[in-house]
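One structure is given here, and the rest of the page talks about it.
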Amino acid sequence: MLKVHLPDGNVLEYSRRVRALDVAADIGPRLAKAALGAEVDGRIVGVDAFLPDEGDVDLRLLTKKDAASLDLMRHSCAHVMARAVMRLFEGVQLAFGPTVDNGFYYDFLLDRPLSEDDFPEIEAEMAKIIKDDEPFERLEQPHAKAVELCRELGQTLKVEHLEAGLDEHEMVSFYRQGEFLDLCRGPHVPSAGAIGALKLLSVAGAYWKGDASRQQLQRLYGTAWFDKKELDDYLMRLEEAKRRDHRVLGKQLELFLIDPEVGSGLVLWLPKGATVRRELESFIYGELIRRGYQPVYTPAIGRVQLYETSGHYPYYAHSQFPPIEMSDGDRFLLRPMNCPHHIKIYQSKPRSYRDLPLRIAELGLVHRFEQSGELTGMTRVRGFTQDDAHIFCTEDQVADEFRGCLDMTQFVLKTLGLDDYRVRLSFRDPKSDKYVGRPEDWDRAEAALEAVCRDLDLPNLEIEVGEAAFYGPKADFIASDCIGRQWQLGTVQLDYNLPSPQRFNLEYIGADNHPHQPVMIHRAPFGSLERFTGMLIEHFAGAFPLWLAPEQARVMVVSQKFEEYGRSVEAALRAAGLRVSSDYRPEKVGAKIRDAQIELIPYMFVVGNREAETGTVALRDRREGDLGTMSLDAAVAKLKQEIDAKTIR
RNA sequence: GCUAGCGUAGCUCAACCGGCAGAGCAGCUGAUUUGUAAUCAGCAGGUUGUGGGUUCAAGUCCCUCCGCUAGCUCCA
């Protein structure tokens, strides 16, 4: 006897063997038709899956309305795409074809390079398959039989996967759809007709099992949704993302420049971008001072020996610029991180426990030789500025210092309107021995970090065991921008390595008059100013809040006759400390407004006869439009208030 | 680094099968003196990313290098 518990509390009883679909049919024919999959005791299966013969199960039938069925459908869509590709091209070897966020991909091995020009043909073939609406059939096979079957099909990658990856499975599953048979764990929707609106998006190279030493496959990416409108919305979101692209806006708004003659991945900050950065810097410095940090300045270069002591050289040589060799044999490295310099500052005199915690901060320029294919605008570069700080403290102070770092990062994100973020705590894998430091210190630190995070009630906290760096546990902040893209930004990391006797052998004299090893914390709320600014450009779509805007106000005259009054307004705004520009061209006011709107200037001061006579200004907000006439003083006060409050609109 | 695609005026983009490189915006000059998202006219702007090759003829076809884009890989 089987008892099936449904989400509405009803219980159905069966004494025969039933599939999820049979239960659906018993509930109602419409549900049986609409069911795309089922959730049995929390596991997602196909509707053709048999339920256990007896006992109790929770069953939920999944229809278009359930998020989980979208994933099922996309997986089926990947199969349909593979089937279409196999119909169109000879000698296609299948690799993997899973779902990803918003879509799916399938990796193929074939002689002919695929290009976007092939998409219409593949999409047309997919449409045919979907229209034919053939069922997806699940076939269970013993492992040996499966290997044989894949050999017969000529699918050598699948054979390899069976032998190397699935060798412990006695039974494996295939899915058949018409002439198409593929090794696949499933589950799938009942038939191809359940697939809604789809679009192939891109083709890219991908290595077999992610191994760069293996052959490279061709990966086709696509997206699929239950209805056309959802697809269109998604494509619109992609368009919106393109419109906000910091590389496009950075050029349009003259924020930054990357010039091939200077070098890939090396950012030139134009005056307007530099203004944004300067505001961010003075904001961060203000916070640092308030929170007891001591700013320092150190050079962007150091002797190779220093990085040999730190262990960064030659271990990370492949991602550094090679050393600079001097004629006397001395060798220097462009620094890939700031810590060794800061450690030297720590070591510049004997330290007592009374000096701790010592918090040393610097907006430090570092260089890393990222692979050419990895470079992207400002978010992935070869030279960047970390809003870096190193805290040297005692074991007992770790929790409080960690709390302070998290608090500052939270404050920074909140100030910039990045309210949607999650925190990832990375802990060590207790089974691995790759970590430095004593296990009991790790245990204490990890427990303390977790307690602090829980206490601060951090949103969406997740703990990843085994993700810690070899030198210590860490917390990363991953923020979502206003269109839902995720950016890894700030980080707080504990370090047991650099202070150790094997590295810099840091010490402080404790209350017991004996030397002790301090703990080091690395932290950077922005991560890097380059990436953070790039992310902010996209987050605000170039329309920075007033305190960050490169040009905060523009004075424009209705006619050149009023230039004199315009200049007096301009001077008053400048005297009030605002970043102001002006437009006295012999253009219509509409044209001047349009230009200022396109440049995303927050406030426009429109002045003509009426204003000149009464000593007022007509204020225009880039978002709200005309705000009406007011006294110059009132307008200045309004802007200053908005700047001081760092208002985000 | 690898795979695929791309590189034409400051910007956005045209130029058929290889046959005289072209437009809009921006810029400059002149006219216009304007009231909340584009006034009109004229001028100027190019070694088609680089170097080579095929051809009577190359923006277009082939090769090299540089750069960009998507993804893979890597990421202290």
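In what follows, chains carry the letters A, B, and so on, assigned in the order in which the sequence lines appear, proteins first and then strands, with residues in each chain numbered from 1. This structure is a prediction, so every number in the text was calculated from the model and none was measured.
- A:Arg623 and A:Asp621 are not joined by a salt bridge, as no carboxylate oxygen comes within less than 4.0 angstrom of a charged side-chain nitrogen.
- Of all nucleotides listed (B:A37, B:C72, B:U33), B:A37 comes nearest to the side chain of A:Gln597.
- When both distances must be under 3.5 Å, the Watson-Crick or G-U wobble mate of B:G30 is B:C40.
- Summarising the base pairing, B:A58 is matched to no nucleotide, lacking a Watson-Crick or G-U wobble pair whose two defining distances lie under 3.5 Å.
- For A:Gln218 and B:U3, a side-chain-to-base donor-acceptor distance below 3.5 Å is absent, hydrogens and geometry of angles not being considered.
- Comparing B:U73, B:U36, B:C68 by their nearest atom to the side chain of A:Ser264 picks out B:C68.
- Residues A:Tyr471 and A:Gln216 each lie close to RNA chain B; by heavy-atom proximity, the contact nearer the 5' end of the strand is made by A:Gln216.
- OP1 or OP2 of B:U69 has not a single side-chain nitrogen or oxygen of A:Thr376 nearer than 4.0 Å.
- Checked against B:U33, B:G35, B:C72, the side chain of A:Gln560 finds its nearest nucleotide in B:U33.
- Separation of the P atoms belonging to B:U60 and B:U54 is 15 Å when rounded to the nearest angstrom.
- Rounded to a whole angstrom, the distance from the C1' atom of B:C20 to that of B:C62 is 25 Å.
- Checked against the 6.0 Å centroid criterion, the rings of A:His161 and A:Phe96 qualify as a close aromatic pair.
- Between A:Arg610 and B:G35 there is no side-chain polar atom (N or O) within less than 4.0 angstrom of OP1 or OP2.
- For the pair A:Ser202 and B:G71, the criterion of a side-chain N or O lying under 4.0 Å from OP1 or OP2 is not met.
- Not one side-chain nitrogen or oxygen of A:Ser115 sits closer than 4.0 Å to the OP1 or OP2 atom of B:A4.
- Summary of the strand contacts: A:Gly263 and A:Arg531 both lie near RNA chain B, and taking for each the nucleotide with the nearest heavy atom, the more 5' one is attributed to A:Gly263.
- Using atom P as the reference point in both B:A15 and B:G1, the two lie 32 Å apart (nearest Å).
- Classification of the A:His522-A:His390 ring pair by plane angle, with boundaries at 30° and 60°, yields perpendicular.
- For A:Gln488 and A:Arg531, the side-chain atoms include no donor-acceptor pair closer than 3.5 Å.
- B:A37 sits 42 Å from B:U50 when the C1' atoms are compared, rounded to a whole Å.
- Within the nucleic acid shown, A:Ala618 comes within 4.0 Å of at least one base atom, counting heavy atoms only.
- With both pairing distances under 3.5 Å, B:C20 is matched to nothing as a Watson-Crick or G-U wobble pair.
- For A:Arg567 and A:Glu564, the salt-bridge test fails: no basic side-chain N is under 4.0 Å from an acidic carboxylate O.
- Both distances falling under 3.5 Å, in either a Watson-Crick or a G-U wobble arrangement, occur for no nucleotide opposite B:U50.
- Across all strands shown, B:A15 forms no Watson-Crick or G-U wobble pair with both key distances under 3.5 Å.
- Salt bridge status for A:Asp245 with A:Arg247: present, with a side-chain N to carboxylate O gap under 4.0 Å.
- Across all strands shown, A:Val589 has heavy atoms under 4.0 Å from sugar-phosphate atoms exclusively, and none from any base.
- Between B:U34 and A:Lys561, a contact under 4.0 Å exists linking OP1 or OP2 to a side-chain N or O.
- The residues A:Arg380 and A:Glu374 are annotated as salt-bridged, a charged nitrogen and a carboxylate oxygen being separated by less than 4.0 angstrom.
- Across B:G19 and B:A58, the matching C1' atoms stand 10 Å from one another, rounded to whole Å.
- When Watson-Crick and G-U wobble pairs are counted only if both distances are under 3.5 Å, B:G10 pairs with B:C25.
- Here B:A37 is the nucleotide among B:A37, B:G71, B:C75 with the atom lying nearest to any side-chain atom of A:Arg594.
- A distance of about 12 Å separates the P atoms of B:C61 and B:G49, rounded to the whole Å.
- A glycosidic torsion no more than 90° from 0 defines the syn conformation; B:C28 lies beyond that range and is anti.
- Taking side-chain N and O atoms only, A:Arg247 has a distance below 4.0 Å to OP1 or OP2 of B:A70.
- B:A70: Watson-Crick or G-U partner is B:U3, with both key distances under 3.5 Å.
- Atom name P, nucleotides B:G5 and B:G27: the rounded distance is 38 Å, in whole Å.
- Only the P atoms considered, B:A26 is 34 Å distant from B:G67, to the nearest whole Å.
- Residue-level contact check: A:Glu563 touches neither bases nor backbone, having no heavy atom under 4.0 Å from any strand.
- In this structure, the nucleotide among B:A38, B:G35, B:U33 sitting nearest to the side chain of A:Ala591 is B:A38.
- Residue A:Tyr207 has its side chain nearest to B:C72 when only B:U34, B:A37, B:C72 are considered.
- Distance from the side chain of A:Ile593 is smallest to B:U36 among B:U36, B:U33, B:C74.
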